[in-house]
Each structure stands twice: as structure tokens, then as C-alpha cells.
Amino acid sequence: MSRRYDSRTTIFSPEGRLYQVEYAMEAIGNAGSAIGILATDGVVLVGEKKVTSKLLQTSKSTEKMYKIDDHLACAVAGIMSDANILINTARVQAQRYTFAYQEPMPVEQLVQSLCDTKQGYTQFGGLRPFGVSFLFSGWDSNFGFQLYMSDPSGNYSGWKAAAIGANNQAAQSMLKQDYTEDLGREEAVNLALKVLSKTMDSTSLTSDKLELAEIFLLPSGKVKYQVCSPEGLTKLLLKSGVNQPAAEPSA
Amino acid sequence: MSIFEYNGSALVAMVGKNCFAIASDRRLGVQLQTVATDFRRIYRIHDKVYIGLSGLATDAQTLYQRLVFRHKLYQLREERDMKPETFASLVSSILYEKRFGPYFCQPVIAGLGDDDQPFICTMDCLGAKELAKDFVVSGSASESLYGACESMYKPDMEPEELFENISQALLASVDRDCLSGWGGHVFLVTPSEVQERTLKGRMD
Amino acid sequence: MECVFGLVGDGFALIAADSSAVNSILVHKSNEDKIMVLDSHKLLGASGEAGDRAQFTEYIQKNVHLYQFRNGIPLTTAAAANFTRGELATALRKFCFGQSPYFVNILLAGYDKEVGPSLYYIDYIATLHKLDKGAFGYGSYFSLSMMDRHYRNGMSLEQAIDLVDKCIIEIRSRLVVAPPNFVIKIVDQNGAREYAWRESIPSV
């Protein structure tokens, strides 16, 4: 391996790779997974909680989903402390836009702005990249509901369905098979729970191992970001039939 | 004419029984010329905190935009709304930041605390808070407003009576000030709902 | 003696501005275009210090274009107005070597598909207000009064132009050093464009 080219972010390897960025993506491959699905009337984000001790007493209501602005939210996979910095940056960028233009920041512009920040850590300053991938979901008046995925390199793209974190390859191929264009929010939730149950390592799916958030429009026209309560999540898991323990592995 | 009276304004907030009312006039002027008769001076920070900004309109707009910025970030990080007392301290510190080049505004802050107890306060353009248990006023019509409120105010008024009183006090005062008037805006806030009403007064 | 005024009609907004460039007692030219076309559906009529006017309006125009190039979508009229106000507000408190306040009064008219036509009044100290009819300068004393008398909501283009002509006649007859020539530009769903000139002496 080209060990001599991987200790600094600011140099390319002879094969034209940035090893620090790739190692950052490795770190995310060990983190709890998150799935996002674009439905016709909203966006659904589902996340796997890795830390589920009953001794845990958090002040925040969610571990993997965060609200960036009234019309924007994100799901996180990777190093949580890095994620906190970037989420704060994203929140401030969204407010700065609103301060200047008195309008909510278009979703793609926020993603672009945050990715520009992430790119800076792969080119100058000698600091390591952020070990976080994001799934941004939101609504704006230009393009309606949108879902974007971004990674430590600062690349981003828009998706109809995407997965990040552990087993994201398997989740992505499952989504490719089962996703259809005309999914409503309920069906999207079912699909997300189904895919997550198949790709998660744990044997049974209970509501304390998951988080579910949705972005949709209220009848008044305002955008709503709603995190599902644990009781609601249990009901959904029962309804979609995914909380059965995993089948015995075949011999 | 002082810079505080360049645009003309009148603001008053009053405490009732588990409710509060905050009212403003609607005139936007440039010294003696009237530019608009539907100008809003009272802004909603969240369901239980309202701020009215009198004085120079441009500084009121800038200050309001900065407060929204700070409050939104607080809401996102704390996952709850700001208490009225905390918000008043935030306004005070933002104003004092500009001690040697101040925003020419006098805010009036009104809110319902955690236990639904009403809270009102005003401050000068440098952030010196003035808490009151009954009413606070600010704007070019403030002297008339002090007199009108002092005589009309009663403690523990029910919402409807509070609305009557604050409206009468506002309309009577702006009629004696040529720089404010053209009707009024009143927000009546109780723990369960917010009523916003427009008053028609002397349209001059 | 600059005059800029504007109004909103049925599916359109228009701005009329005088077209003399004056230095003390000398008229440099009388066909100066003071209404800048910001983008396909926005107009910016400006009056004030000549250098500031030309420089600031061009700065805003280029920034509006840059936003569109960077993001693939145009700014809405409200966003452009708030951006303009923000630039004026920031410059207002800068008295250092690099920057001083811009002495430019602005009327920004635009058409958005979702909202329809709108007119924003932004004065030189960055007071922003959305209006149906607005005016700046000495001419405002006459044009505002004419518009108060004859303006109604949802006027047709013919009626609006007729009102503009009434205002111009009033300015010409009652303002002591009245500008002789005016330009009128409109913006509607088909875009922003020049509508007419009103010349009482041939331009030089």
C-alpha cells in the first residue's frame, strides 16, 4: 500500500487518490446506517441507533436526525462529534441566508455551501476531513421535496433513495430493486423499515434501536419536520411486519 | 427633529390576568411626509413572545432580523423556545454591543413565561432594561402614552377588557402626536390563543 | 429636484423617473436613464447622489446576475429587495476608508409568477416597505397626492399610464425647477422593458 502518501490530506497519491478522504469514508462504514427515501408527498429518513444502553440520558431528542431549519433536516452517519460541528455550521449558514434574503435557503444551496466547507478540509489547512456522511432532506419552492447525499470529500448529489453508514451497499441495491416513482409517505416508510431491518446487524428490530423522521407539507402550506415517537414507531414496526427476529441462517 | 422621531412610532404593552396585549400604530413616515399606513412594528418571535420595535425603522428591521437569527439558532440547539426574560436579556446584550454606534430603537418585549405569567419590559437604545408589572410604552408618542395608560390601566383585567383599554390608550395618545397614527395593530395573547386585531382611528 | 415614482397595477408594476443629470445649476444631459433593468423581471429606479446611484445600482445588478449564474434560479423580487436593503444597511454604518453610506433612494419593481407584481420602497437609510404606490424626491409631494386621489387597486395599463401622465403634468407645472423629461418602464409577466419617454424639450 502507498503508506507514504496517506498521512496528509493535502497530497495526492501517485494513483490520483486522496487517502485521508477514503479513510474517512471507511470510518463511516462502521457507523450506524441511515436511509432516506423521496416520496411524492414528503421525504422519509430512517436511522439505526448504535448506542442503546438504558443508562443513557440524553438532552437531545434524536441521535441521528437533526433539524437544520424549518424546511430542512438531515440524517447523520459517522463520527458524531464531527457531525455536531457540521450541523451547527449548516444551521448558521441557513440563518445567514435568511438574514440576507428574508426567505428560506433553497435546499441545494445549503448542501452546496456545507460541501464547500467540507471540501476545504481536503485541500488546505492540513486538517483531517470530517468523518461524516449526510442525507439532507427538505422542501423549497423551486424543486419541491428533495433528498441529497454528501460525503467527506465534499461531493454531493441528489437521490430518490439513498443509504449511508454500515451495509450501505446492500441497502442501496435493495432500494434500487424496490423503489418506485409513485411512493406515498406511508409506503416509503414501510420500504425504509424493510430495507433497514434486512441490513441491520441486530437480530430483532425494536423501536429503541431506530429513529424515524419525515418532512412533509401541512395543509396550511408550511413545511413540517416530525420525528416519530417510540410508541408510534412500535406500531409502525408491527404494521409493516418487520419486527420479527431474523430467520435462522441456512446451514 | 431627533433621529428617534424620524419615522414616527407608538408602542404600548399591558399586563392582564394571565394574558398580555401589545399594540402599535401603523404609520411609516419620513419626517412629516407619510409613506405608508400599514407598517408593522410588532413581530412574533414565537407563540408566547412578541417584540415591538419603535424608533428608526431601518434599525428596527435590522435588529429584528438579527434577533430572528439568534432565536432560531437557540431553538434548534435547545429544542425549545426562549423564555421572555431570556429573550429580553438577548435583546439588551445585542443593543449594548453597539454602545458607541447604537441602533436607534426602543424595543418593547411582551411574553408569557413558563407558568403563563405575563412578562413585559422595555429598554432604551443601549439596552437598559425597564421591567414593569403594569404597562410599558415607547415611541414618539410615549409621553402621551404614559399619561393615557396611567389613567386607564387597572390590574388583573380579563382579555376583552384589556383589549378595550389598550386600544383606547393607544388611539387617544397617537391623536396627540402628528408623527404616529393611521390606526393601530393589537395582539392579545392568552395561554391558549393569540388574537390579532386592526384598529381604525383618525386616519391622519 | 429628482423625481422617481412607481405603482402596481393589474398584473404589472411600473416606475417613472425623471431623466436629467444635473450638477448645481448646469444640466449635463436630459436623457439619463435612472431605471436599471436588474434582470428579466425586475426594475430598479433610483434617485440620489449621481455617483452613488450609478455605482450602487450596477453593484446590485451584477450581484443579482451572479446569484442566477451560481444557482441556476433567479432571485424573487422580495429576496432582491431584502438583499438590496441589506447592502444599504451594512454600508450605512461604515465610515472607514473603504466605504461610506450610499445616498440612493430606490424603488424596486418586479414580477414573480407565484406572487404577481410588487413594488418595494427602499430609502437611503435602508428602510424597506412593500407598497402599492411610492415616490421619492421633491416630486413626491405632487405625485403621491395625485396617486392618493386617483389610484385604485388593479388598474389597467392605460389607466395607470394616464395617472403617471397626470403626475408628470403636476410636477412640471408646480415644481420650481421641474425636470423636463421622464422615462417610464414597466414589468409584467412578459418581462421588464422600457415603455415610453415623456419629453417636453428635446434631449441633449
Side-chain angles (χ1 to χ4, degrees), chain A residues 45 56-76 80-81 83-105 107 110 113-114 134 136-138 140 211 213 215 218 220 222-230, chain B residues 7 28 35-36 38-53 56-83 86-87 89-91 93-95 97-98 101-103 105 107 114 187 192-196:
Chain A
L45 291 172
L56 204 60
Q57 187 180 36
T58 50
S59 53
K60 297 274 180 298
S61 55
T62 50
E63 182 190 301
K64 295 202 66 82
M65 323 279 173
Y66 294 91
K67 192 170 160 190
I68 308 280
D69 197 354
D70 287 331
H71 63 296
L72 257 172
C74 69
V76 161
M80 281 320 299
S81 45
N84 283 332
I85 303 287
L86 283 172
I87 288 166
N88 191 47
T89 309
R91 285 172 172 165
V92 171
Q93 281 167 353
Q95 288 313 307
R96 246 191 237 132
Y97 182 97
T98 303
F99 180 84
Y101 298 103
Q102 293 299 297
E103 276 183 352
M105 190 171 193
V107 185
L110 175 75
S113 168
L114 197 68
F134 285 102
F136 287 102
S137 63
D140 64 42
E211 270 174 14
I215 287 216
L218 290 170
S220 62
K222 275 177 75 167
V223 188
K224 181 106 171 80
Y225 162 77
Q226 195 172 53
V227 179
C228 198
S229 63
Chain B
N7 294 121
L28 174 72
V35 169
D38 58 356
F39 192 67
R40 285 188 165 262
R41 295 209 154 75
I42 300 177
Y43 301 100
R44 171 189 170 277
I45 299 293
H46 61 80
D47 279 336
K48 300 228 173 121
V49 170
Y50 283 76
I51 182 167
L53 290 163
L56 197 60
T58 173
D59 283 347
Q61 286 172 338
T62 303
L63 186 60
Y64 168 66
Q65 289 171 4
R66 283 191 67 186
L67 289 169
V68 164
F69 184 100
R70 296 289 298 265
H71 179 256
K72 273 246 97 92
L73 287 174
Y74 182 97
Q75 236 179 4
L76 286 166
R77 288 176 191 148
E78 295 272 321
E79 294 185 346
R80 64 182 175 89
D81 288 329
M82 235 189 218
K83 289 204 282 254
T86 316
F87 183 70
S89 297
L90 172 67
V91 179
S93 94
I94 287 182
L95 287 172
E97 253 174 46
K98 304 276 182 196
Y103 290 120
C105 295
D114 279 337
F187 286 83
S192 52
E193 59 163 356
V194 174
Q195 283 180 33
E196 181 187 338

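Chain letters run A, B, ... following the sequence lines, proteins first and then strands; every chain starts at 1.
The pair B/E196-B/R44 does not meet the salt-bridge criterion, since no charged nitrogen lies less than 4.0 angstrom from a carboxylate oxygen. A salt bridge does not link A/K222 to A/D70: none of the charged side-chain nitrogens sits closer than 4.0 Å to a carboxylate oxygen.
Using bins of under 30°, 30° to 60° and over 60° for the plane-to-plane angle, the ring pair B/F87/B/H71 lands in the perpendicular bin. In this pair, A/Y97 and A/Y101 present their aromatic rings tilted. The plane angle is within the 30 to 60° band.
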Go through it in stages, so that I can follow the logic: the residues are B/D47 and B/D81, the test is side-chain contact (heavy atoms from CB on, under 4.5 Å), and I'd like the CA-CA distance, side-chain angles, deciding distance and then a yes or no.
CA-CA 9 Å; B/D47 279 336; B/D81 288 329; 5.7 Å; no
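Ranked by heavy-atom pairs under 4.5 Å with chain B, the list A/N88, A/T98, A/D69 is led by A/N88.
Using a 4.5 Å cut-off between heavy atoms, A/S61 touches chain B through backbone and side chain atoms alike. If you measure heavy-atom distances from A/I68 to chain B, the contacts under 4.5 Å come from the backbone alone. Both the backbone and the side chain of B/Q65 come within less than 4.5 Å of a heavy atom of chain A. Both the backbone and the side chain of B/R77 come within contact range of chain A, with heavy atoms under 4.5 Å apart.
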